[in-house]
Amino acid sequence: LTMLPYPSGDLHTGHWYTFTPSDAGARYRRMKGYNVFFPIGFDAFGLPAENAAIKHGIHPKQWTYANIDRMRQQLRKMGAMWAWDHEAVSCDPEYYKWTQWFFLKFYDAGLAYREFSPVDWCPSCNTTLAREQVWGDDRHCERCGTPVIKKELNQWKFRITNYADELIDALDTIDWPERVKTMQTNWIGRSEGAEVTFTTETTTETGEDLVIFTTRPDTLWGATFMVLAPEHPAVEAVTSPAQQAAVKTYQEQAARLDEKTRGSADKEKSGVFTGGYAVNPVNGERIPIWIADYVMMGYGTGAIMAVPAHDQRDFDFATRYGLEIRRVITGPDGATGPLSEAYAGKSDGAMINSGQFDGTPVDGAAKTVTAWLEETGRGKHAVNYRLRDWGISRQRMWGAPIPMIHCPQCGTVPVPYEDLPVRLPDDAEFRPTGESPLRYHAGFLHVQCPVCGGDAERETDTMDTFMCSSWYPYAYISPYWKSGETIHADDMPWDRESADYWLPMDIYTGGIEHATMHLLYFRFFAKALRDLGIVNFSEPTMRLFNQGTILGPDGEKMSKSRGNVVNPDEYVARYGADTVRGYLMFIGPWELGGPWDPSAIEGVSRFLQRVWTVVVDEPSDAAGSNGKEGADANAVRDLERKLHQTILKVGDDLENFRFNTAIAALMELNNMLVRAKETPLSAQPIWQETITALVLLMPPIFPHISEELWHRLGHEQSVHLQAWPQGDAEKAREDEIAIVVQVNGKVRDKLVKAPGAAQDVLQREALELPNIQKWLEGKSVRKVIVVPDKLVNIVAS
RNA sequence: GCCGAAGUGGCGGAACAGGCAGACGCGCACGACUCAAACUCGUGUGGGGCAACCCUUGUGGGUUCGACUCCCACCUUCGGCACCA
C-alpha cells in the first residue's frame, strides 16, 4: 500500500514518484505468485477544500468530488494495478459513518475525553491545529504559514499517551527505517526520573506540598532554589505579601508572551522571587521559590528543583539572579571543576556533599537515590513523556462530525451507534468565523437528547483528518461496509474474514513527513483497536519504506513561486507513461529522491526504443545466413549467463525497491542483445529464450510496452499474468574469473581461472607471472594472501 | 545545542560480510549516415604523464597484507527536535 493522496485537484510529479515505484513493487510480487492487494482511495476531508471553497465560492464537497474525478483520470495514466473496485473516499458519509463509530468505541473505552485546554490556533485558517501541524521556530501553521496563537477551548482528545511506552517498545518488532523509529522515539520523548515532594514554609499552617520532577535525583543535594511555572496553581499560596505585586506583574507578562518568545532557548532567562521557601526533603535545607517562564506548566509537574552546578539552564538563571551554585558531583578525575559535561552525568565521578551518599559512583547513582527516596517516602520513581494526548477537535465544517450531543439536562452524551452517520449538511456555511461553521446550521445544531428526549445541541466540531486516515487501509478491504444499513456497537467495521486474510499489511510506502503524525496515529489506532478486540495485531504494517522527494531541475523543492514545477502530463504525452515511470525510478535510490533532469529522461527513452528494436525487428540477413552451426558456443554461454544474472539481479532489486539498479541491469542485458543481434547468435534458441525473458522482466516497471511486446512475441494472455522468470544460479555463475594479483596491495597482473582454484595453485601461478617477477625483483616475499576466486596479494620488501 | 542521514568523475549515481573504484545513464569529443542538421549507429571519456607509471571516494589520523566500506577526530550539506527539568 502507498499512502493515499489528498485530492488537491492536480496530479504532480511527486505523485508519480510516490506511486509508480510502489506499483512496480506490487506488480513484481504478483508475477512472483503472491496474491497482491494494491488499493487506493482519497483522503478527502481537510482544510485545502475549505480554503479553496472560500476562495472560489463553491462548496467544499463540490470542489472535492470534482477533484477526485479529475485525479482518477490522471492516476489512470500511470498504468498502476490499483484495485479500483475497492476504492474508498473518506468524505463519503458511508465511510465516515465508521470513522464516527470508532470515535464512539474510543469514547466507550475511555480513550476519548473532552478537556478545556489551551490549543494552538491559526488565526488565518481560524482553526485549532494539532501540535504536529505547527512548524518551525516561529511556530507557524503548516498550511498557511501564519504564526499560531494560544487559545483556550474545549477539545476532544484521544489518550494516545496511554500507549506511549508500547509505541516506543514495539518499534523493535517492525521493519521500519531507523530514522523513523528515532523520530518517533524522540517525539514520544520518554524521560525516566523521580518525583520528589518538597514541603513549603508559608503562612498557611500545613504548608503546600510541591512535587517536582527530575531526571537526576542524584543531584538533589545540589538544589539551591526551586522554580515554578508562572501559571502553577501553588504560586498564590507560596507568595509572600511583600512579593505579591511583583509576582502578579510577572505572571501577566508571561501570559502575554507567545510561545515563540517564551519557548526560545536563547532568550535570557527571567523570573521573580515569590518570597516563599521550600524544604528539601533530602537534607532539610530551606531554599527560595522562584517563578520563571523557562519552566513549562505542560511538562512534568510544572515545578523543578534548580541545580545550577549541574544544569546549564539553572546555571544561567542562578548567575543572573545571584543565587547559590553548589556542586554535588565530581568530575571523572575527582576534580570539582566548573560546569561542564564531565559533571552532567555518565561520568566516572562520584557524589560529594550529599550526606550518606558521598562517594556513590555517578553511574547508577540516580537509581540508588530513587530507591532510597521510595523507601523513605520522600519521592517515587516517575516517567514523563513529551508526547501529549491527541487533540482531534477542529472548528471546521469539512470533516467528519464528532458524534456527540450536549444536553442541558444530561450533559455530554454520545450519539447512539444506530443513528450513525451524523451527516454533514450539504448547505452549511463554510466561511470560517472562528467558531465551528456547523453552529450556524440550525438543522444540524438542534437535536433531541438521545437520553432524555429534551432539546439539545450537537457537537459542532469536526474530527482531525488524521482520524480518517488512521483506519483507511482496513476500509479498503470491504469499502463502505454495511452501506446504508443501521450499524451497532457490536458490529465489525469490515468483513472479518477478508480482514483476517489481508491484515496487517505487508509493506507500506510514503513520505517521511508523516513520521510523527500519520504514522504515529496509525500505530496508536491499531493498538487501540486491538484492545477493543477489533483486530488481532498490534502493528498496522510490518514494513515501511520512505521514498525521497523529487525536486525541480534546479535542485529545489518544486513550487509554483519558484517556477520549477515539472508537469508530468507533458512528459507522458511526449515519451509515454513507461518512460516517465522508468526515468523516475532510474534517477537514483528511491529513498533519496533528487532533481528532475529533463535531458536524462532521454536515456530511458532510448533504452525502450532499443528494446523494441531488439525484440520486434528481424535480424538482418547477414546474421541469419550464418546459420546455427556458425554460432560460437562461448557466445551462447555468455548470453545465457548474462540472462540468468539479470533475472536474479532484477528480482532481488525489485524485492528491495532498488529500481535504479534493476533498470541498469536490464540495460546491460539489452546492450548485450543489441551487440548480438547482427551475429549468428540471433538464430540460436538462446536468443528467443533471452528476449522472451527480457520482456518478462519489464512489466513491473514498464507495464505498457512489455504488454505490447509480449503480444508481438505471439502470446495471447496478458504479460502481467505471467510468472516471473526463473533465475538459475548455476547458469549465472562465471566460468572464468579474473583473479587480481597484487604486489603490496597494488594491482600488477591478473590470472584468469575457473572458479574454485586451489589456494596453493593460485599462489604458485601468481608468483610465476613475468609481470609479478619484475615487481618482485630485488625484494623478498614476506607473505602471500590468497582470497579464493578474488585475489592474490604478495607482500614483499 | 541534541538526535538522525549523507559527502564518490562535468552531472545523476554503481560497487560496501573489507578484495580490480567509477556499473548504468546523462553530457561531452571524434567518426559513420546526411547536401546539411536532427535522429540513429560506432569509438572514446576520473586527473596527470609521450611512456613505463603515478595520483584519486569531504579533511586529518588509526586498524589491516589490503579501506569508498571498519574505528577516532574534524569540516560541509540536508532532515528532525529544541528552556522537556
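Letters A, B, ... are given to chains in the order of the sequence lines, protein chains preceding strands, and every chain is numbered from 1.
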Proximity to the side chain of [X] - top-ranked nucleotide from [options]:
{"X": "Pro589(A)", "options": "A85(B), A14(B), C53(B)", "result": "A14(B)"}
{"X": "Phe586(A)", "options": "A14(B), G12(B), G4(B)", "result": "G12(B)"}
{"X": "Arg748(A)", "options": "C24(B), C83(B), C53(B)", "result": "C53(B)"}
{"X": "Asn671(A)", "options": "C3(B), G19(B), C24(B)", "result": "C24(B)"}
{"X": "Thr661(A)", "options": "C53(B), A85(B), A15(B)", "result": "A15(B)"}
{"X": "Glu668(A)", "options": "C65(B), C53(B), A23(B)", "result": "A23(B)"}
{"X": "Ser191(A)", "options": "A85(B), C65(B), G80(B)", "result": "A85(B)"}
{"X": "Met296(A)", "options": "G4(B), A85(B), G80(B)", "result": "A85(B)"}
{"X": "Ala600(A)", "options": "C26(B), G19(B), G13(B)", "result": "C26(B)"}

Using the [atom1] atom as the reference point in each nucleotide, state the distance between [N] and [M] in Å, no decimals.
{"N": "C81(B)", "M": "A17(B)", "atom1": "P", "result": "34 Å"}
{"N": "A14(B)", "M": "A82(B)", "atom1": "C1'", "result": "38 Å"}
{"N": "A21(B)", "M": "U57(B)", "atom1": "C1'", "result": "7 Å"}
{"N": "C20(B)", "M": "G13(B)", "atom1": "P", "result": "23 Å"}
{"N": "G22(B)", "M": "U8(B)", "atom1": "C1'", "result": "8 Å"}
{"N": "G25(B)", "M": "G18(B)", "atom1": "C1'", "result": "28 Å"}
{"N": "C72(B)", "M": "C53(B)", "atom1": "C1'", "result": "34 Å"}
{"N": "C28(B)", "M": "G9(B)", "atom1": "C1'", "result": "13 Å"}

Taking only side-chain nitrogens and oxygens of [X], does any of them come within less than 4.0 Å of OP1 or OP2 of [N]?
{"X": "Lys746(A)", "N": "C55(B)", "value": "yes"}
{"X": "Asn660(A)", "N": "A14(B)", "value": "yes"}
{"X": "Arg386(A)", "N": "C2(B)", "value": "no"}
{"X": "Arg675(A)", "N": "C41(B)", "value": "no"}

If we call it a pair only when both distances are under 3.5 Å in a Watson-Crick or G-U wobble match, what pairs with [N]?
{"N": "A36(B)", "result": "none"}
{"N": "U59(B)", "result": "A73(B)"}
{"N": "C83(B)", "result": "none"}
{"N": "C28(B)", "result": "G44(B)"}
{"N": "C78(B)", "result": "G4(B)"}
{"N": "C65(B)", "result": "G19(B)"}

Identify whether the distance between the nearest side-chain nitrogen and carboxylate oxygen of [X] and [Y] falls below 4.0 Å.
{"X": "Lys649(A)", "Y": "Asp652(A)", "value": "no"}
{"X": "Arg326(A)", "Y": "Glu285(A)", "value": "yes"}
{"X": "Lys181(A)", "Y": "Asp172(A)", "value": "no"}

When the distance from [atom1] of [X] to [atom2] of [N] is rounded to whole Å, what number comes out?
{"X": "Ile785(A)", "N": "C65(B)", "atom1": "CD1", "atom2": "C1'", "answer": "3 Å"}
{"X": "Arg179(A)", "N": "G79(B)", "atom1": "CZ", "atom2": "P", "answer": "12 Å"}
{"X": "Arg606(A)", "N": "G27(B)", "atom1": "CZ", "atom2": "P", "answer": "5 Å"}
{"X": "Ile188(A)", "N": "C81(B)", "atom1": "CD1", "atom2": "P", "answer": "14 Å"}
{"X": "Leu608(A)", "N": "U40(B)", "atom1": "CG", "atom2": "P", "answer": "13 Å"}
{"X": "Trp775(A)", "N": "C54(B)", "atom1": "CH2", "atom2": "C1'", "answer": "10 Å"}
{"X": "Glu178(A)", "N": "A5(B)", "atom1": "CD", "atom2": "P", "answer": "8 Å"}
{"X": "Leu791(A)", "N": "G19(B)", "atom1": "CG", "atom2": "C1'", "answer": "4 Å"}

Is [X] touching bases, backbone alone, or none of the nucleic acid, heavy atoms closer than 4.0 Å?
{"X": "Arg190(A)", "answer": "nothing"}
{"X": "Gly745(A)", "answer": "nothing"}
{"X": "Val740(A)", "answer": "base"}
{"X": "Gln742(A)", "answer": "base"}

Under the 6.0 Å and 45° cation-pi test, does Arg581(A) pair with Trp16(A)? no
Want to settle it: does Pro595(A) or Ile663(A) sit nearer the 5' end of RNA chain B, counting the closest nucleotide to each?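 That would be Pro595(A).
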Could you pick out which residue, Ile601(A) or Lys790(A), lies toward the 5' side of RNA chain B when each is mapped onto its nearest nucleotide?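 Between the two, 5'-proximity favours Lys790(A).
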Centroid separation [X] to [Y] less than 6.0 Å:
{"X": "Trp390(A)", "Y": "Phe466(A)", "answer": "no"}
{"X": "Tyr321(A)", "Y": "Phe225(A)", "answer": "no"}
{"X": "Tyr571(A)", "Y": "Trp596(A)", "answer": "yes"}

Would you tell me whether Tyr385(A) and Asp165(A) have side-chain atoms, one donor and one acceptor, within less than 3.5 Å of each other?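 Yes.
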Based on the glycosidic angle (syn within 90° of 0, else anti), state the conformation of G31(B).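 Glycosidic conformation of G31(B): anti.
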Base of C65(B) paired with side chain of Lys783(A) (donor-acceptor, under 3.5 Å): no
Does any donor-acceptor pair link the side chain of Lys750(A) with the base of C20(B) at a separation under 3.5 Å?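 Looking at the base of C20(B), it does pair with a donor or acceptor on the side chain of Lys750(A) (distance under 3.5 Å).
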For a side-chain contact (heavy atoms from CB on, under 4.5 Å) with Thr200(A), tell me which candidate from Val238(A), Asp209(A), Thr274(A) qualifies. Val238(A)
